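Note that the coordinates shown come from a computational prediction; the quantities given were computed from them, not determined experimentally. Here is how names work: the chains are called A, B, and so on, in the same order as the sequence lines, proteins then strands, and each is numbered from 1.
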Amino acid sequence: MSETRQGRVVKVAGPVVVAEGMAGARMYDVVRVGKLNLIGEIVELNGDLASIQVYEETVGIGPGEPVVDTEAPLSVELGPGLIESIYDGIQRPLNSLVDFEGEFMGRGSSMPGLNREKKWHFKPTVSEATKVAPGNIIGEVQETTLLTHKIMVPAGVNGTIKQIAEGDYTVDEKIGVVAAEDGSETELKLMQKCPVRSARQVRRRLAPNRVLVTGQRVIDTFFPIARGGTACVPGPFGTGKTVVQHQLAKWVDADIVVYVGCGERGNEMTDVLTEFPELKDPHTGEPLMKRSVLIANTSNMPVAAREASVYTGITIAEYFRDMGYTVALMADSTSRWAEAMREISTRLEEMPAEEGYPAYLAARIASFYERAGRVECLGSPERDGALSIIGAVSPPGGDLSDSVVQATLHVVKVFWSLQGRLAYQRHFPAIDWLTSYSFYKQYLKDCFEDKEQGQQMEAMTVKAMGLLEQEAELLEIVRLVGTEALSPADRLSLETARSIREDFLHQNAFHKVDTYTSIEKQYEMLKNILYFHEQSLSAIEAGVETAEIFKLAVREEIARAKYIPQDDIAKVAEIRNTIDEQMKHLQVPNSV
Amino acid sequence: MLSIKEYQTVTNISGPLMMVEMVDQAKYGHIVDIELGDGSIRRGQILQVENDKVLVQVFEGTRGIDVNKSTVRFLARPLELDVSPDILGRVFSGLGEPKDDGPAIIADKRLDINGSPINPYARDYPNEFIQTGISSIDGLNPLVRGQKLPIFSGAGLPHDQVTAQLARQATVLGKGEEFAVVFAAMGITFEAAQFFINDLQDTGAIERAVMFVNLANDPAIERIATPRFALTAAEYLAFELNMHVLVILNDMTNYCEALREISAARKEVPGRRGYPGYLYTDLATVYERAGRIKGKTGSITMVPVLTMPEDDKTHPVPDLTGYITEGQIILSRSLHRKAVSPPVDVLPSLSRLKDKGIGQGKTREDHADLYNQLYAAYARGKESQELATIMGEAALSEEDKKYMTFANEFEARYVSQDYYENRSIETTLDLGWELLSMFENAELKRIDVELIKKYMPKFRKEKSE
């Protein structure tokens, strides 16, 4: 071992510290700064001067204090114990820190990301003398009731298993040995370390081909996201970005959820922490916490750690993807991440591009979203994994021409546009049906076991969207000349569009039934609305007054279908019988 | 012990900033005392150190400081506030010095005014309803303990009356716990500050209040520290003396302007409208100090007040505030003109934490459905009002007319109330039902049928008859 490189501080300006005597240090190496041992990362080198972004508050640091190079890039620990954890931006476990230093965050604490004391039961799935390569699954740990944690050979290790044994281990105990061809031996552990700023290796990347069901009607039916797809949710404040993110984290049909609270409110993370252990996964009935990893770097926590938090999150997500799981990562909010980049960039006195953001903003955003995708994982057995990213964007004043929004729209395939106008009417989720889009619509039909049902669903979404578009046009006319000028058929279209909006798109996240709607129920609900529309259209052609149709009691049943529990889904379909029944009794005025 | 070092090596003064050279052992963020030639003393804070050069921001401004005679004393500590239970009932300057005629505070503790972020894991979720007695807040945008809910106002709108009413009336149902009010005035007029102080005096609440006052003619740079002093006092009262603290910060726009002044003086790349790029982060370190902590009884509830230039909600100050706080109460000029008081603009106002703070056992089981319906109906009524201004009332359909009547009634009876009227939550909720009774039950799509049966005045009358 060479002696640790040690420099000294020459300049402190907010989160950026410059140290001299750092010749030989590498870009993005982690350093410990000052007597307080603050954690930082080298972001610029100039002769023997190194600029360091410090992940902690730098008050009290001054010139002359030591800077120690750890000679390793910023890394995360990957292994059993990740699930149910809550970390800060650089993977320090917040729950353990509370016991260690109290309710307020201290400085300079270093605590390993994974618990060193807890023993896990490891069961090998390969025998001795098996040839292994990076990514090969060598065994399993039942981490939670929901998750079997696959133990993989870390990067750079090739050879033959010389020894491996079942038993109870802590994450840094030896579970086996790999002997390479040249005779050198590597110990295997439950844990591996992985640098966060580069993507983990995969064998091959595949195109997404399945919808990730979220239980949110406007998303699944009209703007679905794929397994391995990317989505963004921009919107002004108060339009429910965070609620959309939370709803997805709760109900998404994924094996693992990684939630990154990046520069947002502390109370929102508390909300997740108190809610997730109590909520049950609709697919397995187990508490949602048993499949979740949380990263919380709230807005008042150090800005440099905020910059790192999305990388920490995505590396953990990739690790689970490599086990062959479907993973969803929510980042709330990527604007705060971009602002952290801007702040560091300003302190480094870099030449700014738009709105003071660094010129590499778009490239960083694109390469972050590019880490999503469906992949063929490295190693054997052969397996596919998928990682979806859903990023919230908080543009200033809700202005979509903001640099972060534009850079994000450039790369993502799904756009859920949140509108203040809808939020003021308390239409939630406030996703605007006319401006949002999804490139994964064609996979929606495969969500259904019954192929014909899938095709019907596809046709219905087209029909419903047509009505919503028609509504926008008709409302223009109404604004000019009043409802009276509309033909009965147009008036019906207006009413049906209203019904789609209020009875289908509107979804109450805080109602115990309405919060999640299975794809089958979505089908039935939408079918009811359109069925009523068609039947009414025939009635109107037969001469029935529109006012008579609008008075039918069944309309209230259609509206309240969202509150029918999933187990009684047959009742939703039965509403169509009631529609038939009540339509029969409609009178044509002059045929009496 | 660290010795205090003195230097007479000031080399450059520009705007609120001062450069001192040949300094040994200066630390970022620590404070300095600057002794002027005439013996007067000013306070500054270190913004940047580079080798032996130190950049200092001077809180009281640099007027009268010279390069030759000034002595700079490095105090080797960050800005601190002396705290003890005696701070209650006292008035301090924007830099935490006693400003009333009372004695100096004998400190139990000296606390760094920057505080430390609360570990998110240690936070307790705010879910205790605070009754403010104001219908438009209690009924539609309920405030809960530990929340930060700003008031977005404009020049000439009665935000002072609203905050005074809040401070006067806010209580948690059925509990007689210790409370305190911390008031930070930043760049507001003497008149506005005095209005608030008088109001507290009239109700006797002044005994339980701590004030930090930086008036419009006080040094602007001092305002950067003022909310931090206030919040340090609040944290002490809440988390060490177990009180429920209501913090009022008035006016955050002035605070942000002071921040902009420093940023411009440092020649930093400006963000929107000249505000620094780190405005969001800076505001967050103020706002995020509200909250509750697991295992502690006290709490900090924050009501920052800010005036929106030109009533523009997308101006950086309200915009970034809205992204950090848990909702916002917006005051409307058009309602104020219609003599609706308090002129709370219900539709764009929002309380994000309401859902966990209301309902059975907290307020009443019908609360959530009721406000959803009131919102929906009022939003519809507002549309009708607009339609009527374009096409005339005669052109409205019967339904539109009904909604318009509702909107008018709603503004006149529900939103509007006297500044001294303290409505109980039951009164507020029942008033909502009464207003909704003009609709058919089938139209009330957002309310559970059972709740309509139980609470609708039409049904209730039948029951009692």
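Considering all non-hydrogen atoms of both residues, B:K445 and A:R560 come closest at O-NH1, 3.7 Å. The two residues A:R426 and B:S349 come nearest to each other via the heavy atoms NH2-O, 2.8 Å. Across every non-hydrogen atom of A:R265 and B:I324, the tightest pair is NE-O, 2.8 Å. The minimum heavy-atom distance linking A:G60 with B:K27 is given by the pair O-CD, 3.1 Å. Minimum heavy-atom separation, B:I118 to A:F104: CG1-CE2, 3.5 Å. Nearest heavy atoms, A:I61 versus B:V49: O-CG2, 4.5 Å.
With a 4.5 Å cut-off on side-chain heavy atoms, B:N119 and A:E103 do not count as touching. Annotation: side chain of B:N51 is not in contact with side chain of A:P63 (no heavy-atom distance under 4.5 Å).
Judged as a salt bridge (charged side-chain N to carboxylate O under 4.0 Å, His left out), not a single pair has a partner in residues 295-306 of chain A (not counting sequence neighbours).
Heavy-atom pairs under 4.5 Å with chain A peak, among B:K294, B:R380, B:E268, at B:R380. In terms of heavy-atom pairs under 4.5 Å with chain A, the best-connected choice from B:K296, B:R289, B:E386, B:K53 is B:K296. Between chain B and the options A:G238, A:G106, A:G34, A:S333, heavy-atom pairs under 4.5 Å are most frequent for A:G238. Between chain B and the options A:D271, A:D503, A:V478, A:N508, the largest number of non-hydrogen pairs under 4.5 Å is found for A:D271. Taking B:N114, B:T314, B:D355, B:V286 one by one and counting their heavy-atom pairs under 4.5 Å with chain A, the maximum is reached by B:D355. Interface check for chain A: of the options B:G29, B:A122, B:G115, B:G327, the most heavy-atom pairs under 4.5 Å are formed by B:A122. The greatest number of non-hydrogen atom pairs below 4.5 Å with chain A, out of B:G291, B:G295, B:P270, B:G277, is found for B:G277. Looking only at heavy-atom pairs under 4.5 Å with chain B, the residue among A:P236, A:A423, A:S335 that has the most is A:P236.
The contact between A:S394 and chain B is made by backbone and side chain atoms together, counting heavy-atom distances below 4.5 Å. Within the 4.5 angstrom heavy-atom criterion, no atom of A:V9 approaches chain B. When heavy atoms are compared at a cutoff of 4.5 Å, A:P396 approaches chain B by way of both its backbone and its side chain. In this structure, chain A has heavy atoms under 4.5 Å from both the backbone and the side chain of B:L350. Proximity to chain A (any heavy atom under 4.5 Å) is restricted, for B:E383, to the side chain, taken from C-beta onward. Using a 4.5 Å cut-off between heavy atoms, B:L387 contacts chain A through its side chain alone, with no backbone atom that close. Contacts between A:A13 and chain B at a heavy-atom distance below 4.5 Å involve backbone atoms as well as side-chain atoms. Looking at A:V303, only its side chain comes within 4.5 Å of chain B, counting heavy atoms on both sides. Neither the backbone nor the side chain of B:L396 comes within contact range of chain A, judged by heavy atoms closer than 4.5 Å. Contact annotation for B:V23: neither backbone nor side-chain heavy atoms come within less than 4.5 Å of a heavy atom of chain A. In this structure, the portions of B:A284 lying under 4.5 Å from any heavy atom of chain A include both its backbone and its side chain. With a threshold of 4.5 angstrom between heavy atoms, B:P276 does not approach chain A through any atom at all. Using a 4.5 Å cut-off between heavy atoms, B:F239 touches chain A through its side chain atoms alone. When heavy atoms are compared at a cutoff of 4.5 Å, A:D399 does not approach chain B at all. Contact annotation for B:L444: only backbone heavy atoms (N, CA, C, O) come within less than 4.5 Å of a heavy atom of chain A. Of the two parts of B:R77, neither the backbone nor the side chain holds a non-hydrogen atom closer than 4.5 Å to a non-hydrogen atom of chain A. Contact of A:E354 with chain B is not made at all, since no heavy-atom distance falls under 4.5 Å. At a 4.5 Å heavy-atom cutoff, the contact between B:A442 and chain A is made by backbone and side-chain atoms alike. Proximity to chain B (any heavy atom under 4.5 Å) is shown, for A:Q425, by both the backbone and the side chain. Only the side chain of A:H506 comes within contact range of chain B, judged by heavy atoms closer than 4.5 Å. Looking at B:K148, only its side chain comes within 4.5 Å of chain A, counting heavy atoms on both sides. Contacts between B:D124 and chain A at a heavy-atom distance below 4.5 Å involve the backbone alone (N, CA, C, O). Contact of A:E101 with chain B is not made at all, since no heavy-atom distance falls under 4.5 Å. Contacts of A:E57 with chain B are made by side-chain atoms alone, with heavy-atom separations under 4.5 Å and no backbone atom involved.
In terms of modelled atom types and a separation under 3.5 Å, the side chain of B:Y280 and the main chain of A:G263 share a donor-acceptor contact.
Between the CG atom in A:L273 and the CZ atom in B:R123 there is a gap of 11.5 Å [rounded to 0.5 Å]. With values rounded to the nearest 0.5 angstrom, B:S116 atom OG is found 11.5 Å from A:M301 atom CE. Considering OG1 of A:T274 and CG of B:N127, their distance stands at 8.5 Å, rounded to 0.5 Å. Summarising the geometry, atom OH belonging to B:Y28 is positioned 4.5 Å from atom OG1 belonging to A:T58; distances are rounded to the nearest 0.5 Å. One distance of note links OH of B:Y278 with CD of A:E339; it measures 13.5 Å at 0.5 Å rounding. The distance from atom CD of B:E288 to atom CD of A:E264, rounded to the nearest 0.5 Å, is 9.0 Å.
Cation-pi geometry between B:K356 and A:F510 is not met: the NZ or CZ atom fails to fall both under 6.0 Å from the ring centre and inside 45° of the normal. With B:Y323 as the aromatic partner, A:R336 meets the cation-pi criteria of under 6.0 angstrom to the ring centre and within 45 degrees of the ring axis.
Interface residues of residues 340-349 of chain A toward chain B, defined by a heavy-atom distance below 4.5 Å and sorted by number: A:R342, A:E343, A:T346, A:R347.
Residues passing the side-chain contact (heavy atoms from CB on, under 4.5 Å) test with A:N95 are A:I86, A:P93, B:Y121, sequence neighbours excluded. Listed by chain and residue number, B:I330, B:S332, B:P348 satisfy the side-chain contact (heavy atoms from CB on, under 4.5 Å) test with B:D345 (two or more places apart in sequence, or in another chain).
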